[in-house]
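Protein chains get the first letters and strands the later ones, always in sequence-line order, with residue 1 at the start of each.
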Amino acid sequence: MNESHGKDRAALHDEFMAVWGNPSGWRALTIVNHTAIGIRFMVTGGVFFLIGGLMAMLMRTQLALPEQTLIAPKLYDQLFTMHGTVMMFLFAVPILEGMALYLVPKMLGARDLLFPRLSAFGYFCYLFGSLILMSSLVLGIAPAAGWFMYTPLSNAVYSPGPSADFWLLGVTFIEISAVSAGVELVVSILRSRTSGMGLLHMPLYCWYILVMALMIVFGFPPLILGSILLELERSAGMPFFDVARGGDSILWQHLFWLFGHPEVYIIFLPAAGIVSTLLPVFARRSIVAYQWIVLAVIATGFISFGLWVHHMFAIGIPKLAQAFFSMASMLIAIPTGIQIFAWLATLWTGRPVYHVPMLWLVGFLIIFVAGGLTGVMLALVPFNWQVHDTHFVVAHMHYVLFGGMLFPVIAGLYYWLPHFSGRMPSDKLARWGFWLTFIGFNTTFLVMHLTGLLGMPRRVYTYPAGLGWDLPNSLSSIGGFITAMGIAMVLLDIALHFRFGRPAGTNPWQADTLEWATDIPPEPYNFISLPAYPMRHPLWDQPDLQATVAEGRHTLPEIEHGRRETWGSDAVTGRVRDIIHLPGNSWLPFYAALALSVLCISLLIRTYSLALVAVGVSLVLLLRWSWINGAHPLAAPDAEVMPGYPPLHSRTFDSPGLWGMVVTLLADGALFLSLLFGWLYLWTVAPHWQVPETAPLAWMPLLISGALLTVAVICYIRVVQRLREGLDSHLRGWLWGISVLGLLHCGMLIWVWADSTLVPTQTAHDAVISVMLMNQLFHSGLAVIMTVLQAWRVACGYVGKAAPYELAVVEPWWFYTVVIFWVSFAAIVLLPIAWGGA
Amino acid sequence: MISPYNPFQLALGLAVWIIWFALMYGALSYACEVAPPPAEHGPFTWINVALLFSTLAVTGFLLYWAYDCWRAASAGDRRNGSSHRFIARLGMGINLIGAIATLSLGLMAVLLPPCL
């Protein structure tokens, strides 16, 4: 019994479950809680791993002996394309995101992520996008141009039919999910840490996830843009990558690898975060060089964006430019090396115990160091040319991704298994699983380095006998099947442990981080009371934390108000600033993702009228989503908090919504910069770039349109400023006025476009300008819609002096819209004049 | 220069590096497109000189910022002591890594002709 509120543990639990509980049956689709969503991501990702693995086994069966005809060349092309796509987009990123969604709030001492509906929406986008993509395999029309879909192979001439469209639309849909999770994780890590948890106390895993999430925010937009452009080329004939009409197929490679190389580290960093979390627990000491590791993680995140051209060494770029990227590729070994030495030092100075997760960690260290070394070899241009497009590259990639990602993930799976289920795995089965996988993996891929050095190209469905490739291929195939047996053993162990595993107790590994202070398995609310603990190892410092948390002895144990609440804290110091109230279960994320999947399918089958309906329905659903917020009766109609507590976030100007908007705009900005890069790249490099003799757009009306937008933005900034000063007179009128200005700007822009001489199917020049205009109209139109909505909410009493945060959330959108307008204006009107063209 | 205790220090040095790198790569491609110097000049061209100059300038800035952060980390901050020292120390490291990365890439301009 806790004297402070006179309730026992069971009563508190019941009250919290009334607010936080998850429904069952069909209504389980409405769950937004991070624990449930994280598990869904992981389980779905696990299923796709098995599907991707099955495709690998089929390919290894085909290659086991020379001149086999088990699999036809066309199917083989589909298999290697889908194997790569499934493993990268449907397994690796989602399972790591799922793990992060599950763990991060618990490690931070929070009750949930800050945008729970976004988590659920992201999951359904991932699920539906994956199903759409996988349906192509079932229909026998799967993409077959390789997982990086190089143009011109993937264009409408060389990949006719819908196969490449499945990839472009399906992957873009899945990327919405990835970016959603990225935004969610960044804001949650920065704004929802428990009281007193400064950045310097944050668990290392959360540092890794913070960097990974920011990398997703900046790294995925170039591919999203590339996919949109290629799909526009395939379906509407806009020639961005068609050399004859002023495009350039190399632009696709740049956009793809601007995403693709950071992607490797987006996958590696969370896995390394698992290593940095588990090693100290099993070494039974704190991690060596915490700050050095944080430094290395941040450095890895940045440097990984400077390596993309090392995937393009064979396309013919100047040697000096190759030297830049070669050097940058070697530089990234330094932060990785720092982490490896810190891990070794932790083991060296600790008292390690070799439980099952440690086996996988040791396996990781061996395999990843080997993969890292072949990575440095590949960074050397002459060697890279020598082994380009051979099995050596395939072997290197699997050493880095299988060893660098899957081994730590399985270590983490075993480590947190008791957390998921409350039971322990079988030691014997687990060890069998490890050794079979470790031996099988090295038999497959160590030998494959030799196959590559002997000259065997990748992506060939068979090979003639007598070239020296027979034996290594047979060994690799045998190794592949041994690996499959190992993975099967791990799965069997996991399946059996739910029934036969011994109960885990409260903290079975004697871990130090806060996720072990929840109930095991955890309840939807995570913590009855939120521990204020400015230390790096809360459970080592206070082993009874789980009991005192459950008894409500720490902070924010009140639930009578019926709101889902967690602390909102300062991004640096972790001092509590506000109480963040979170939305409850909802059908909206499911329906919105469903509407978007209808949009995706209608684009695939080119039924554009249905696509327009789907866009309309999605918009209505998303606006309804934003309606249930702030002071809405279903959110937090009254601002009542306990005496001495900080205000609710919706009664402040610095809400998580504002942070979410800013992070979203960072992703949006990365997409816009990629488009700008494409424009400048084509202008400079495309061999048949064509500029019209007269300017395609009337610059004066465009200028007036920009002026209207600028006035609207200045007015909006003024409105928010007045609100900060406590003045909300004529608020609704101001918002309507701004909306009218924005609408006039949009109308003028449409008129300029309609009056232009642009023929977007004729030249890449006109196609890029058209995309810039579309981008501008999208942002300007949405700004108007959001402002109209705000004016309406002011009338309903949901927004005003007492609940001002939503207006502050929309402000950066307006600001961003005006910035991209003038940058676009400079790029499409001023640059050609300066260049001396039209 | 932003304060050494500002959390943007965790990104500043390497953000400057990546922007410099992207601009340098873009400028190199553009220069080679519009005014490629003769290959027989080797690395002794105006393009290499310009690249080297930008390298040294950016490296100098980043080293200065690293020094500034180091001084701040040593001095500490009375109000938010440990948190701010943590930021300043990491900021020093980030700026230093940015400087090393800039210099190691830029020095390639001493060795190779720009457009070959």
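With a 4.5 Å cut-off on non-hydrogen atoms, B:L51 touches chain A through its side chain but not through its backbone. Contact of B:A22 with chain A is not made at all, since no heavy-atom distance falls under 4.5 Å. Neither the backbone nor the side chain of B:P43 comes within less than 4.5 Å of any heavy atom of chain A. With a threshold of 4.5 angstrom between heavy atoms, B:L90 approaches chain A through its backbone and through its side chain. Of the atoms belonging to A:F218, not a single heavy atom falls under 4.5 Å from chain B.
Contact count against chain B (heavy-atom pairs under 4.5 Å) is highest for A:A323 among A:P335, A:G198, A:A323, A:G574.
B:F21 has its ring centre less than 6.0 Å from the ring centre of A:F325.
The distance from the CD1 atom of B:I19 to the CZ atom of A:F305 is 12.5 Å, given to the nearest 0.5 Å. Interatomic distance, CG of B:L105 versus OG of A:S326, reported as 9.5 Å (0.5 Å rounding). For the atom pair CZ (A:F324) and CG (B:L107), the distance works out to 10.0 Å, reported to the nearest 0.5 Å. Here the CZ atom belonging to B:F86 is positioned 9.0 Å from the NE2 atom belonging to A:H201, to the nearest 0.5 angstrom.
Between B:S82 and A:L200, some side-chain heavy-atom pair lies under the 4.5 Å cut-off. Residues B:W17 and A:I303 are in side-chain contact: their nearest non-hydrogen atoms beyond the backbone lie under 4.5 Å apart. You'll find the side chain of B:S104 reaches within 4.5 Å of the side chain of A:L331, heavy atoms only. Looking at B:Y25 and A:L320, their side chains never come closer than 4.5 Å, going by heavy atoms from C-beta outward.
Contact between B:P114 and A:P318 at its shortest, heavy atoms only, is O-CB, 3.3 Å. Counting all heavy atoms, side chain and backbone alike, A:A299 lies closest to B:I97 at CB-CD1, 3.9 Å. Smallest separation of non-hydrogen atoms from A:I298 and B:L14: O-CD1, 4.4 Å. Taking each heavy atom of A:V572 and B:P7 in turn, the nearest pair found is CG2-CG, 3.5 Å.
A:F677 CZ: more than 12 foreign heavy atoms inside a 6.0 Å radius. Remark: A:W689 CH2 is packed, more than 12 non-hydrogen atoms of other residues, nucleotides or ligands lying under 6.0 Å away.
Of the options A:Q322, A:K319, A:M327, a side-chain contact (heavy atoms from CB on, under 4.5 Å) to B:M108 is made by A:M327 and by none of the others.
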